[in-house]
Amino acid sequence: MDDLLLTLPIIQPEAAAPTKARKPDWLRVKLPVGPAYANVRRLVDEHKLHTICESGNCPNMGECWGAGTATFMILGNICTRSCSFCAVATGRPSELDLDEPRRVAEAIQLMGVKHAVLTSVNRDELKDRGASVWYETVVQTKQLSPATTIETLIPDVKANWAALDTMIAGGQEVVSHNMETVGSLYRLVRPQGKYDRSLEQIRRTKEAGKRTKSGIMLGLGETKDEMYQAMDDLVAHGLDILTLGQYLQPTKRHIEVAEFIHPDLFAHYREEGLRRGLKYVESGPLVRSSYHAERHVNVPI
């Protein structure tokens, strides 16, 4: 948002309120175009389908839809967590839609999605954390669209490892769980999460024979050394694929951007991640969890 310039009489410089840094040019995006995008746009509108691509105002929506990739959010739109970076509403969900797996599977078939990314809110109030819905959504999608590949971006199960086993057993090609930030910022960014617990979730997923993926937002105040440590921790816990992107403040109520990271530093982190043992790194200001997700299914386990 552009800053508003005001002219005030006789004000001391030290009393002036600090101004926020403007978004740099490299965060500008092109409007989505192309016949593949237009076809998905038409189907979404005609059938009133819900994608996180739209609700999250993803800057890569046009590119991903053009490549046949779309991201769907399951288990409702009320989250039991209150992370300081996320615009999803916080509260106690009122219902559990057990028919959702069928409807999501039919939507994916209708849209002709080549690669589907499934994500969800946290459902901490459910004994199985929503694992049964996760499992059925993957299974029913595979039944209706056997050629469609699937990534599941699953939440923190709060050490309910039986729930994790169910969530990752449906036959998806990629299992993702986002760390979101470095360890020192967890209390600020993910107050109900735990850095070590998320690492253990990734380790257990890898030990189950899955292709593992995670994402970190930059620009929250992390240092280079903390980023290197996070990469080392992820490699040590079996991570295959890492996405790195710029954090952007969704509303004034959310944590502010500490720094806009230059594309050159994103490129540096990509090379560092590969050097430290990651198999694939997507790194850039506009990268989001599902960016180029269709390519990640080919990363060797």
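Just the heavy atoms: all of them, side chains too, but no hydrogens, waters or symmetry mates, feed the values below. Keep in mind that this is a model prediction, so the values were computed, not measured.
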Quiz item: Any side-chain heavy atom of Thr152 sitting closer than 4.5 Å to one from Val138?
Solution: yes
Exercise. Using a 4.5 Å cut-off on heavy atoms from C-beta on, say whether the side chain of Glu106 contacts that of Leu144.
Key: yes
Quiz prompt | side chain to side chain contact (heavy atoms under 4.5 Å, CB included) between Phe266 and Ile261, worked out | solution = CA-CA 7 Å; Phe266 275 105; Ile261 307 301; 3.5 Å; yes
Quiz prompt | Any donor-acceptor pair under 3.5 Å from Lys213 side chain to Asp240 backbone | solution = no
Practice problem: Give a yes or no on whether a salt bridge exists between Glu200 and Arg197, defined as a side-chain N under 4.0 angstrom from a carboxylate O. | Solution: no
Practice problem: Would you check if Leu278 and Val235 make a side-chain contact, meaning some heavy-atom pair closer than 4.5 Å? | Solution: yes
Quiz prompt | Donor-acceptor contact below 3.5 Å, side chain Tyr247 vs main chain Ile255 | solution = yes
Practice problem: Decide side chain to side chain donor-acceptor pair (under 3.5 Å) for Asp225 and Gln229; before the verdict, give the C-alpha distance in whole Å, the side-chain angles of both, and the deciding distance to 0.1 Å. | Solution: CA-CA 6 Å; Asp225 286 342; Gln229 184 62 58; over 6 Å; no
Quiz item: Is there side-chain contact between Glu151 and Thr119, with heavy atoms separated by less than 4.5 Å?
Solution: no
Practice problem: Output the distance between atom NZ (Lys114) and atom CD1 (Ile108), rounded to the nearest 0.5 Å. | Solution: 15.0 Å
Self-check item: Value rounded to 0.5 Å, distance of OG1 in Thr141 from CZ in Arg102
Solution: 12.0 Å
Self-check item: Short side-chain to backbone donor-acceptor contact, Ser214 and Leu242, under 3.5 Å
Solution: no
Quiz item: If every non-hydrogen atom of Leu248 is compared with every non-hydrogen atom of Phe260, which pair is closest and at what distance?
Solution: CD2-CE2, 3.9 Å
Self-check item: Short N-O contact, Glu272 and Arg275, less than 4.0 angstrom
Solution: yes
Quiz item: What's the spacing between Thr243 OG1 and Met217 CE if we round to 0.5 Å?
Solution: 10.5 Å
Quiz item: Between the main-chain N or O of Arg190 and the side-chain N or O of Gln192, is there a donor-acceptor pair closer than 3.5 Å?
Solution: no
Exercise. Take Leu234 and Ile216, measure what side chain to side chain contact (heavy atoms under 4.5 Å, CB included) needs, and give me the verdict at the end.
Key: CA-CA 11 Å; Leu234 287 165; Ile216 294 177; 4.2 Å; yes
Quiz item: Which atom pair, heavy atoms only, marks the closest approach of Leu153 to Ser289?
Solution: CD2-CB, 3.9 Å
Quiz item: Closest heavy-atom contact between Met111 and Phe72?
Solution: SD-CZ, 3.6 Å
Exercise. With rounding to the nearest 0.5 Å, note down the distance linking NZ in Lys279 to CG in Asn298.
Key: 13.0 Å
Quiz item: Do Leu118 and Thr137 have side-chain heavy atoms sitting under 4.5 Å apart?
Solution: yes
Quiz prompt | Under 3.5 Å: donor-acceptor pair, side chain of Arg123, backbone of Leu75 | solution = yes
Self-check item: Rounded distance (nearest 0.5 Å) linking atom CE of Met179 with atom CG of Asp156
Solution: 10.0 Å
Practice problem: Go through the side-chain N and O atoms of Thr166 and Asp128 and say whether any donor and acceptor fall under 3.5 Å apart. | Solution: no
Self-check item: Arg129 side chain to Leu126 backbone, donor-acceptor under 3.5 Å
Solution: yes
Quiz item: Donor-acceptor pair, Asn122 side chain versus Thr80 backbone, under 3.5 Å?
Solution: no
Quiz item: Just by distance, do the side chain of Thr90 and the backbone of Arg81 share a donor-acceptor pair under 3.5 Å?
Solution: yes
Self-check item: Val117 versus Ala293, closest heavy-atom pair with distance
Solution: CG2-CB, 3.9 Å
Quiz item: Among side-chain atoms of Glu173 and Thr149, is any donor-acceptor pair under 3.5 angstrom?
Solution: no
Practice problem: Evaluate the criterion side chain to side chain contact (heavy atoms under 4.5 Å, CB included) for residue pair Met167 and Val157; output intermediate values, then yes/no. | Solution: CA-CA 10 Å; Met167 283 183 183; Val157 298; 3.8 Å; yes
Exercise. Take His292 and Val287 through the side chain to side chain contact (heavy atoms under 4.5 Å, CB included) test and state the conclusion after the steps.
Key: CA-CA 9 Å; His292 288 164; Val287 167; over 6 Å; no
Quiz item: Looking only at heavy atoms, what is the nearest atom pair of Pro285 and Pro263, with distance?
Solution: CG-CG, 4.0 Å
Quiz item: Do Ser184 and Glu226 meet the criterion of a side-chain donor-acceptor pair at a distance under 3.5 Å?
Solution: yes
Practice problem: Kindly indicate, with the supporting measurements, whether the criterion salt bridge (charged side-chain N to carboxylate O under 4.0 Å, His left out) is fulfilled by Glu282 and Arg288. | Solution: CA-CA 9 Å; Glu282 293 280 359; Arg288 297 297 180 261; over 6 Å; no
Practice problem: Look at the side chain of Ser145 and the backbone N and O of Ala147, then say whether any donor-acceptor pair between them is shorter than 3.5 Å. | Solution: no
Quiz prompt | Backbone N/O of Trp161 and side chain of Arg204: donor-acceptor pair under 3.5 Å | solution = no
Quiz item: What is the distance from atom CD1 of Ile241 to atom CZ of Arg295, rounded to the nearest 0.5 Å?
Solution: 12.5 Å
Quiz item: Shortest non-hydrogen contact from Ile168 to Ala208?
Solution: CD1-CB, 3.8 Å
Quiz prompt | Test item: side-chain donor near acceptor, His177 and Thr205, under 3.5 Å | solution = no
